[in-house]
Amino acid sequence: MSVKQNIVELKTKIPADVTLIAVSKTKPNDMLMEAYEAGQRDFGENYVQELLDKQAVLPADIRWHFIGHLQSNKVKFIVPFVHLIHGVDSVKLLVEINKQAQKINKVLNCLLQVYIAKEESKFGMDFKEVEDLLGSDTFSKLEHVKVMGLMGMATNTSDELVLEKEFRSLSDFAGQLRTRFGIMPNLDLQTISMGMSGDYQLAIACGSNMVRIGSHIFGERIKH
Ligand SMILES: *Cc1c(COP(=O)(O)O)cnc(C)c1O
């Protein structure tokens, strides 16, 4: 199937209130354009240099989502145009995003990446780190970021019971945080970014409203 057909088909399976992000890392611009021509506007990238190269030449109304692991020293390159940074996994990174956004008088939307998988290798904060951050003085002073929700990656498994438990743990946690912290000038926990090609339907059933889908749209990736 073509990229276009994949998108059209996916849209029939995803409820209207769930945002589909086309994860285009390692894929060439002509494939992104095929998705764009099918109406897709939200694209996810994992590598800063690749994102910069694509953003420079692709249509200006694309909403770029940074979904990879972001190093603090690269924040300044993407802050001017990025729509949402999903992988905020430390206070240090959030402070740096705030600093760079302040320089250009912008407020940058972010998601906190929360650790839900059993695997050691996945990045993220644990529940307590997130609670401590949101309740901290440091956080209340960050006026140039807005935490719009949580992002999680489940264990790489086909065991639906494990996946469901992990997905539910993230949406339950978001609910607890909403009750505890409510809405603040820099906090409005609306978005739960979870679910990829293999597990997006389960993720949506467990409360996701933003899915990040790569190989199901663009085909398998050779690297990463
Ligand atoms: C690559 C990637 C995806 C997409 O994975 P697929 O299995 O190809 O859909 C989603 N989220 C993150 C964070 C990724 O790095």
Side-chain angles (χ1 to χ4, degrees), residues 1-14 18-28 31-32 34-35 38 40-54 62-71 74-75 78 82-90 93 97 109-125 148-160 162-163 166-167 169-171 191-224:
M1 286 224 286
S2 69
V3 167
K4 183 173 179 194
Q5 284 170 320
N6 291 338
I7 292 203
V8 169
E9 199 219 282
L10 262 174
K11 292 251 159 129
T12 67
K13 293 186 181 161
I14 294 175
V18 175
T19 303
L20 168 62
I21 299 176
V23 176
S24 47
K25 61 181 176 218
T26 79
K27 298 297 178 184
M31 287 185 99
L32 278 77
E34 223 185 306
Q40 184 64 28
R41 290 296 179 273
D42 291 274
F43 289 84
E45 289 283 339
N46 290 55
Y47 310 103
V48 169
Q49 190 56 53
E50 184 181 351
L51 171 56
L52 294 173
D53 293 345
K54 287 176 170 170
I62 287 179
R63 292 181 289 271
W64 293 103
H65 296 250
F66 193 82
I67 63 169
H69 178 64
L70 183 57
Q71 289 169 281
K74 298 203 171 150
V75 168
I78 66 169
V82 78
H83 178 68
L84 180 65
I85 299 178
H86 290 229
V88 178
D89 60 359
S90 71
L93 181 57
I97 295 168
N109 291 336
C110 298
L111 303 179
L112 301 179
Q113 184 168 357
V114 183
Y115 182 82
I116 53 170
K118 285 197 269 182
E119 294 156 28
E120 289 291 327
S121 61
K122 299 273 159 80
F123 293 105
M125 295 190 252
M148 298 301 296
L150 306 178
M151 182 268 215
M153 283 178 82
T155 303
N156 186 9
T157 174
S158 54
D159 186 336
E160 297 224 329
V162 172
L163 292 171
E166 293 176 358
F167 287 145
S169 75
L170 190 64
S171 39
T191 301
I192 302 184
S193 167
M194 61 184 186
M196 319 201 311
S197 290
D199 55 23
Y200 69 93
Q201 279 164 315
L202 186 58
I204 292 168
C206 295
S208 168
N209 58 9
M210 190 174 270
V211 291
R212 309 176 309 266
I213 300 187
S215 44
H216 202 87
I217 296 173
F218 298 109
E220 293 301 321
R221 287 176 299 273
I222 296 162
K223 45 176 181 157
H224 305 284

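Numbers here are sequence positions counted from 1. Just follow the structure's listing: the first ligand is 1, and inside any ligand the first atom is 1.
- Against a heavy-atom cut-off of under 4.0 Å, I213 is close to the following atoms of ligand 1: 9 (O).
- The CD1 atom of I85 sits 12.0 Å away from atom CE of M151, with the distance rounded to the nearest 0.5 Å.
- Interface of N46 with ligand 1, defined as ligand atoms under 4.0 Å from a residue heavy atom, comprises 14 (C), 15 (O).
- Evaluated by nearest non-hydrogen atom to atom 9 (O) of ligand 1, the leading choice among S197, A22, G195 is S197.
- Taking each of K25, R212, M196 in turn, the one with a heavy atom nearest to atom 14 (C) of ligand 1 proves to be K25.
- To the nearest 0.5 Å, atoms CD1 (I7) and CE (M1) are separated by 11.0 Å.
- When each atom of ligand 1 is checked for a heavy atom of G214 under 4.0 Å away, the hits are 4 (C), 6 (P), 8 (O), 9 (O).
- Close approach to M153 involves these atoms of ligand 1, each under 4.0 Å from a residue heavy atom: 13 (C).
- Between the CZ atom in F167 and the CD1 atom in I204 there is a gap of 10.0 Å [rounded to 0.5 Å].
- Within the 4.5 Å cutoff, no side-chain heavy atoms of N6 are placed close to those of F218.
- Residue H65 is tested with H86, E45, H83 for a side chain to side chain donor-acceptor pair (under 3.5 Å); the sole match is H86.
- For the pair R221 and ligand 1, a heavy-atom separation below 4.0 Å is found.
- Considering backbone and side-chain N/O atoms, H216 never comes within less than 3.5 Å of an N/O atom of ligand 1.
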